[in-house]
Amino acid sequence: MPGIRVEYQEELEALEASALGGLDLVTSQLVRTLEAVEHQDIELAQIVVADDDRIDGRYLEVHQALITLLATQSPVATDLRLISALLHVLKNIERMGDQCVNICKVIPMSGHTPPADQEMVKLILTMGAHAKALIAQAKRAFCERNVEMARDLVDRDDVIDELNRDCFRLALAIGDDADQREWAMTMMLTARAIERIGDNSVDIGEQVAFVVTGLFREFEDASHPDAHA
């Protein structure tokens, strides 16, 4: 029996590593997505769309293994929390990959040489850099079971939210040229997708707190207590 439990713990640890490794796949996708946006690289965008199968495959593989573990090993409360959290993390990873796909699908809409506004492009790339940092911090917080690091994701995500609002304001003021306004609309969709990646990172941080404390609470509520006073 002790040997079986050791194997079970090793399998659970391996599944956690595999699940969190999905964040590395998302980071690679995001980097290539931002490069495609910066250079209006339609071919690279198509590669990102095709490569989403890797993230989906990771999701299905680890998700099924975790469900099997639940069904066959009767995990105790602590492990049950971890498995539940990992299932949520996997869903967030899959959604992040989908957001990269969503961005890459709108890139060809403007053609190879759109009337791009460099200030808007800079905002998008800055948002992407912040989102990439959030993904890395979310992964580290989960690995280290660091609740404070996880909570800090909210403040860092606020920066992305403000940049998203800047993109919206710039798109509204971009001018009357129809082609340029159409391009600006695709950038608004891009900004929104990156903003959602930031939100998914915060969601992963919330799962860190759940694993450590056994209680689930949205960080937005915890970080704005006056809102509920």
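Quick note: numbers below take in every heavy atom, side chains included, and nothing from hydrogens, waters or symmetry partners.
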- Report the C-alpha distance between Gln64 and Leu60 in whole Å, list the side-chain angles of each, state the deciding distance to 0.1 Å, and finish with yes or no for side chain to side chain contact (heavy atoms under 4.5 Å, CB included). CA-CA 6 Å; Gln64 184 57 53; Leu60 292 171; over 6 Å; no
- Arg196 atom CZ: more than 12 heavy-atom contacts under 6.0 Å: yes
- Message: Using every non-hydrogen atom in the two residues, find where Ala150 and Val208 come nearest and quote the distance to one decimal.
- Response: CB-CB, 4.0 Å
- Task: Check whether any side-chain heavy atom of Asp199 lies under 4.5 Å from a side-chain heavy atom of Asp157, and answer yes or no.
- Result: yes
- Message: Is there a side chain to side chain contact (heavy atoms under 4.5 Å, CB included) between Thr126 and Leu123? Walk through the geometry before answering.
- Response: CA-CA 5 Å; Thr126 302; Leu123 280 173; 5.7 Å; no
- Query: Does Met188 sit in a hydrophobic cluster with other residues, and if so which ones, taking ILVMFWY side chains as linked at heavy-atom separations under 4.5 Å, directly or through other members?
  - Reply: Phe168, Leu172, Met185
- Nearest heavy-atom neighbours spanning Leu15 and Val62: O-CG1, 3.8 Å
- What are the two closest non-hydrogen atoms of Ile124 and Met187, and how far apart are they? CD1-O, 3.6 Å
- Query: To the nearest 0.5 Å, what is the distance between SG (Cys167) and CE (Met120)?
  - Reply: 5.5 Å
- Should Arg95 and Asp98 count as an ion pair when the cut-off is N to O under 4.0 Å? no
- Query: Does Glu16 pair with Arg145 as a salt bridge, N-O distance under 4.0 Å?
  - Reply: yes
- Message: For the CD atom of Gln99 and the CE atom of Met96, what is their distance to the nearest 0.5 Å?
- Response: 9.5 Å
- Task: Answer whether the closest heavy-atom distance between the side chains of Phe142 and Val211 falls below 4.5 Å.
- Result: yes
- Query: Taking C-beta and beyond as the side chain, do Glu206 and Arg217 meet within less than 4.5 Å on heavy atoms?
  - Reply: no
- Task: Supply the atom-to-atom distance Met149 CE to Cys143 SG, rounded to the nearest 0.5 angstrom.
- Result: 10.0 Å
- Message: The criterion is side-chain hydrogen bond (donor to acceptor under 3.5 Å, both in side chains); which residues satisfy it with Gln137, sequence neighbours excluded?
- Response: Asp152, Arg156
- Verdict with reasoning, Ser18 to Arg58, per side chain to side chain contact (heavy atoms under 4.5 Å, CB included): CA-CA 8 Å; Ser18 186; Arg58 178 70 62 97; 3.4 Å; yes
- Task: With rounding to the nearest 0.5 Å, note down the distance linking SG in Cys100 to CD1 in Ile197.
- Result: 4.0 Å
- Heavy atoms only: give me the nearest Ala19-Ile93 pair and the separation to one decimal. O-CD1, 3.1 Å
- Item | Side-chain touch His88/Asp203, heavy atoms, less than 4.5 angstrom | no
- Item | Under-4.0 Å salt bridge between Lys139 and Asp24 | yes
- Query: Do you know which two heavy atoms are closest between Leu30 and Lys132, and how far apart they sit?
  - Reply: CD2-N, 3.8 Å
- pair Val106-Trp183: side-chain heavy atoms closer than 4.5 Å: no
- Got a second to check how far Leu80's CG is from Leu70's CG, nearest 0.5 Å? 6.0 Å
- With a 4.0 Å cut-off, would you call Arg32 and Glu35 a salt bridge? no
- Task: Decide, yes or no, whether a salt bridge links Glu119 with Lys122 under the criterion of side-chain N to carboxylate O below 4.0 Å.
- Result: no
- Message: Measuring only between side-chain heavy atoms, which start at C-beta, is Ile103 closer than 4.5 Å to Leu34?
- Response: no
- Message: The criterion is side-chain hydrogen bond (donor to acceptor under 3.5 Å, both in side chains); which residues satisfy it with Gln207, sequence neighbours excluded?
- Response: none
- Task: Report yes if the side chains of Leu69 and Tyr8 come closer than 4.5 Å at any heavy-atom pair, otherwise no.
- Result: yes
- Please round to the nearest 0.5 Å and tell me the distance separating atom CD1 of Ile174 and atom CZ of Arg181. 8.5 Å
- Query: Step by step, would you call Val89 with Leu20 a side chain to side chain contact (heavy atoms under 4.5 Å, CB included)?
  - Reply: CA-CA 8 Å; Val89 168; Leu20 296 180; 4.2 Å; yes
- Task: Could you tell me whether Glu94 and Lys91 have a side-chain N and a carboxylate O separated by less than 4.0 Å?
- Result: yes
- Message: Quick check: do Val159 and Leu163 have side-chain heavy atoms less than 4.5 Å from each other?
- Response: yes
- Item | Distance-only donor-acceptor check, side chains Asp79 and Gln73, under 3.5 Å | no
- Item | Closest contact, heavy atoms only, Ile204 versus Ala138 | CG2-CB, 4.0 Å
